[in-house]
Asker: 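Right, I'll just put the structure down here and ask away after.
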Amino acid sequence: NSPETYFALKEYLEWIDEEVANYHLFRQSWADDYSFILKKVDGTDVTYDSSVFIPMDGKRFVLNQNKIIELLMGQSLYKDPKACIREIYQNSMDAVKCAAARSKSRKNPYHGRIEFGISTDKEGKYLYCLDNGIGMTTNVIENYLLKIGSSYYKSAEFNRSQAKWKSTFTPTSQFGIGLLSCFMLGWKIEISTKSDDDGKLKTFCVDGPHEYVYYTRTSKDVADLISGSGTLVKVYLKEEFHDISTSHTPNMKLMMLNNSIGFIDIDDIISDDMLKEWERNLYNIISTFVQIVPEGIELSIRRSDGSVQTIHSRPFEVTSQEIQIDNLTRAALIPFSSRMTYYDICTELDKEYFNSSRSYHITVEHNGIEYHSIIQLPIPLEADTGITTYDVDFSPFIDICVDGIAVSEERPDINNLSILHDENVHTLTDNCLINFTGKVRHRLSVDRYSIISYPDEFNKEVSLLI
């Protein structure tokens with residue numbers, strides 16, 4: 001008979017429901033002997049005295065939907081309209097990781113695939129992303145995807161699924177607003193998806209951020225693309241973004257180096273027209289933010305000629321033969337396209353000296369944190385050539401990724417890491433990429449491009465990793 005008691009009881013039942021969700025989250029790592037069934041709390045029998053008060057359940061201060069939507073899809077939040085491509089990729093990667101976890105629990109083979117491309121239909125030119133991930137049920141579409149700020153990967157439903165799969169991977173998606181960012185780039189979104197949970201292939205459209213959502217017929221071509229579970233996202237491009245290209249780029253690795261070049265004179269090799277074409281190339285756009293592609297997952301671009309170009313993890317090597325520059329013999333790109341490590345030793349040392357060394361990729365994992373770099377060591381020789389050691393000078397830096405995605409141009413303050421003063425490991429930290437894939441990760445801005453704060457465990461875990 002009092003509103004305070006009524007709402008306190010309702011909130012208490014909601015808290016119990018959250019505890020049930022937490023149980024499913026922790027149950028992922030428990031043995032089956034310790035698991036039991038907990039259902040959702042039913043609070044429908046909580047009543048009130050209508051002669052005293054009448055509650056407006058679910059009613060509180062509300063937001064102006066149009067204004068908030070414009071804010072969340074605007075460049076004041078994301079800065080770059082093409083940031084939505086990163087959001088689409090993150091959603092696909094989470095779906096593929098879910099499918100991998102489910103397949104592993106069922107002891108079924110699985111190879112994840114994510115493909116980007118540009119195509120055209122009667123509606124116009126569109127950018128697409130096709131994956132063979134877990135897909136979406138009608139429930140996920142209507143109760144999570146279309147509800148701003150409501151992420152499926154933060155829900156009790158997802159926790160229950162993870163417990164069933166005995167999976168502990170940490171999803172990248174967290175804010176539940178990524179779909180809105182697509183309207184910076186496009187005027188319409190069409191999504192076709194199929195989940196093993198309901199087995200239904202469905203297609204729905206959103207004609208704009210303020211428009212209604214409706215289901216439509218799935219074309220035969222799309223049905224052929226999604227034979228099992230998976231999702232196809234189409235973003236129909238605004239006219240100003242029709243110049244995004246998937247054409248073949250000659251000497252592509254040189255173009256990737258040129259994103260931050262400064263030590264090689266390439267004016268006679270790369271023209272201004274080539275640079276402009278590369279800037280709007282979809283491969284360049286995606287490879288700028290994708291640094292590490294998880295093992296067992298293939299990320300590719302479908303070119304305009306129908307061929308497929310795979311995007312590889314960094315670091316990777318580039319030879320002078322590949323980029324047709326004599327005075328750069330070997331280069332290792334790590335990890336941003338705007339940063340690189342290079343060995344420019346052929347101009348100072350003879351080729352015999354250079355050929356006596358070999359590069360090795362290093363990958364180390366500890367507690368959900370990965371270390372990636374390249375180190376160069378002498379090749380064991382049968383005869384003594386007089387070659388012993390050599391040094392390459394670097395400016396120390398550590399680049400940061402979360403789930404293989406570059407999140408910031410900023411570098412963490414690593415000066416207080418005592419491990420860096422150990423001469424035995426100093427060169428290992430001169431140039432490296434640290435990728436956070438587990439529970440220990442940074443607090444990110446909504447657009448995921450800025451690191452707001454580092455976790456308390458950062459220094460300790462990175463020191464242990466190195």
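For reference, positions follow the sequence shown, starting with 1.
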Asker: Of all heavy-atom pairs between Tyr153 and Asn91, which one has the smallest distance, and what is that distance?
Answerer: OH-O, 4.4 Å

Asker: Looking at Ser195 and Asp197, would you say the former's side chain and the latter's main chain have a donor-acceptor pair under 3.5 Å?
Answerer: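 It does hold such a pair.
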
Asker: Report, as yes or no, whether the 6.0 Å neighbourhood of atom NZ on Lys125 holds more than 12 heavy atoms from other residues, nucleotides or ligands.
Answerer: yes

Asker: Would a distance-only check, ignoring hydrogens and angles, find a side-chain to backbone donor-acceptor pair under 3.5 Å from Thr193 to Met136?
Answerer: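 Looks like yes, one N/O pair under 3.5 Å.
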
Asker: Could you check if a side-chain atom of His366 sits within less than 4.5 angstrom of a side-chain atom of Val364, using non-hydrogen atoms only?
Answerer: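 The answer is no, as the side chains (C-beta and beyond) never meet within the 4.5 Å cut-off.
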
Asker: The criterion is side chain to side chain contact (heavy atoms under 4.5 Å, CB included); which residues satisfy it with Val235, sequence neighbours excluded?
Answerer: Ile88, Cys182, Val233

Asker: Would you mind reporting whether Tyr144 and Glu157 have side-chain heavy atoms less than 4.5 Å apart?
Answerer: yes

Asker: Just so I know, are the side chains of Ser181 and Glu87 near enough to count as touching, which here means a heavy-atom distance under 4.5 Å?
Answerer: yes

Asker: Could you walk me through whether Ser300 and Glu115 pass the side chain to side chain contact (heavy atoms under 4.5 Å, CB included) check?
Answerer: CA-CA 5 Å; Ser300 62; Glu115 177 184 297; 4.0 Å; yes

Asker: Go through Glu277 and Ser245 one step at a time and tell me if the side-chain hydrogen bond (donor to acceptor under 3.5 Å, both in side chains) criterion holds.
Answerer: CA-CA 8 Å; Glu277 176 65 25; Ser245 168; 2.9 Å; yes

Asker: Output yes when a side-chain donor or acceptor of Glu365 lies under 3.5 Å from a complementary backbone atom of Gly368, and no otherwise.
Answerer: yes

Asker: Between Cys129 and Ile114, is there a side-chain heavy-atom distance shorter than 4.5 Å?
Answerer: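 Side chain of Ile114 against side chain of Cys129, heavy atoms only: contact under 4.5 Å found.
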
Asker: To the nearest 0.5 Å, tell me how far Cys84 SG sits from Leu127 CG.
Answerer: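 That separation rounds to 7.0 Å.
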
Asker: Excluding sequence neighbours, so at least two apart, what forms side chain to side chain contact (heavy atoms under 4.5 Å, CB included) with Arg303?
Answerer: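 So Arg303 forms a side chain to side chain contact (heavy atoms under 4.5 Å, CB included) with His248, Asp305, Ser307, Gln309.
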
Asker: Applying ring pair (Phe, Tyr, Trp, His ring centres under 6.0 Å), name anything that partners Tyr126, two or more places apart in sequence or on another chain.
Answerer: Tyr236

Asker: What closest approach, in Å, do Val222 and Lys234 show between heavy atoms, and which atom pair accounts for it?
Answerer: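 Heavy-atom minimum between the residues: CG2-NZ, 4.2 Å.
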
Asker: Does some side-chain heavy atom of Thr246 sit less than 4.5 Å from a side-chain heavy atom of Asn281?
Answerer: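 Asn281 does not reach Thr246 side chain to side chain.
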
Asker: Hey, mind stepping through Cys205 and Tyr215 against side chain to side chain contact (heavy atoms under 4.5 Å, CB included) and telling me if it holds?
Answerer: CA-CA 6 Å; Cys205 300; Tyr215 288 100; over 6 Å; no

Asker: Can you confirm whether Ile286 sits close enough to Phe116 that some side-chain heavy atom of one is under 4.5 Å from a side-chain heavy atom of the other?
Answerer: yes

Asker: So, the side chain of Asp131 versus the backbone of Gly230: is there a donor-acceptor pair under 3.5 Å, distance only?
Answerer: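 Not at all, since once roles are kept as given, no pair shorter than 3.5 Å links the two residues.
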
Asker: Tell me if a side-chain donor or acceptor on Lys238 pairs with a main-chain N or O of Phe183 at a distance below 3.5 Å.
Answerer: yes

Asker: Start with the C-alpha distance between Thr310 and His312, add both sets of side-chain angles, then the distance that settles side chain to side chain contact (heavy atoms under 4.5 Å, CB included), and finish with yes or no.
Answerer: CA-CA 6 Å; Thr310 301; His312 298 286; 3.7 Å; yes

Asker: What residues form a side chain to side chain contact (heavy atoms under 4.5 Å, CB included) with Val46, not counting sequence neighbours?
Answerer: Tyr6, Leu9, Lys10, Leu13

Asker: For Glu123 versus Asp121, what's the shortest heavy-atom pair and its separation?
Answerer: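 Scanning both residues, the minimum pair turns out to be N-OD1, 2.8 Å.
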
Asker: Among residues at least two apart in sequence or on other chains, which ones pass salt bridge (charged side-chain N to carboxylate O under 4.0 Å, His left out) with Arg160?
Answerer: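 For Arg160 there are no salt bridge (charged side-chain N to carboxylate O under 4.0 Å, His left out) partners, ignoring immediate neighbours.
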
Asker: Flag yes if more than 12 heavy atoms outside Tyr212 fall under 6.0 Å of its OH atom; otherwise flag no.
Answerer: no

Asker: Do any N or O atoms from the side chain of His242 and from the backbone of Leu237 form a donor-acceptor pair under 3.5 angstrom?
Answerer: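 Yes; at least one donor-acceptor contact below 3.5 Å.
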
Asker: So, for Thr288 and Asn284, which heavy atoms are closest and what is the spacing to 0.1 Å?
Answerer: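 So the two residues come closest at OG1-O, 2.6 Å.
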
Asker: Please step through side chain to side chain contact (heavy atoms under 4.5 Å, CB included) for the pair Phe436 and Thr170, ending with a clear verdict.
Answerer: CA-CA 10 Å; Phe436 290 80; Thr170 303; over 6 Å; no

Asker: Taking the side chain from Ser313 and the backbone from Val293, do they hold a donor-acceptor pair closer than 3.5 Å?
Answerer: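 Yes.
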
Asker: First locate atom OG of Ser161, then atom CD1 of Ile134, and finally report the distance between them rounded to the nearest 0.5 Å.
Answerer: 6.5 Å

Asker: Ignoring hydrogens and geometry beyond distance, is a side-chain donor-acceptor pair present between Glu19 and Asn22 at under 3.5 Å?
Answerer: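 Present: a donor and an acceptor within the cut-off.
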
Asker: How long is the straight-line distance from CG of Leu282 back to CZ of Arg302, given to the nearest 0.5 Å?
Answerer: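 The CG atom of Leu282 is 13.0 Å from CZ of Arg302, to the nearest 0.5 Å.
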
Asker: Using 0.5 Å steps for rounding, measure from the CG atom of Asp198 to the OG1 atom of Thr137.
Answerer: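 It comes to 6.0 Å.
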
Asker: So do the side chains of Thr203 and Ile191 get within less than 4.5 Å of each other, counting heavy atoms only?
Answerer: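 A side-chain contact is absent here, since even the closest heavy-atom pair is not under 4.5 Å.
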
Asker: Looking at Ser227 and Asp224, would you say the former's side chain and the latter's main chain have a donor-acceptor pair under 3.5 Å?
Answerer: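 Looks like no, no N/O pair under 3.5 Å.
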
Asker: Decide yes or no for Leu130 and Leu225: does some side-chain heavy atom of the first lie under 4.5 Å from some side-chain heavy atom of the second?
Answerer: yes

Asker: Measuring from atom CD1 of Ile189 to atom CG of Asp207, what distance do you get when rounded to the nearest 0.5 angstrom?
Answerer: 10.0 Å

Asker: For the pair Phe158 and Trp165, name the ring-plane relationship: parallel under 30°, tilted 30 to 60°, perpendicular over 60°.
Answerer: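 Phe158 and Trp165: perpendicular rings.
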
Asker: So, the side chain of Asp403 versus the backbone of Gln90: is there a donor-acceptor pair under 3.5 Å, distance only?
Answerer: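 No.
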
Asker: Kindly give the heavy-atom pair with the smallest separation between Lys194 and Gly228, and that separation in Å.
Answerer: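 In terms of heavy atoms, the two residues are closest at CD-O, 3.3 Å.
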
Asker: Look only at the side chain of Asn132 and the backbone of Arg113, and say whether a donor-acceptor pair between them is shorter than 3.5 Å.
Answerer: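 Flag set: sc Asn132 to bb Arg113 pair under 3.5 Å.
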
Asker: Rounded to the nearest 0.5 Å, how far does OG1 of Thr437 lie from CD1 of Ile292?
Answerer: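 The distance works out to 10.5 Å.
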
Asker: Which residues pass the side chain to side chain contact (heavy atoms under 4.5 Å, CB included) test with Tyr12, not counting sequence neighbours?
Answerer: Trp15, Ile16

Asker: Look at atom NZ of Lys200 and say whether more than 12 heavy atoms of other residues, nucleotides or ligands are closer to it than 6.0 Å.
Answerer: no

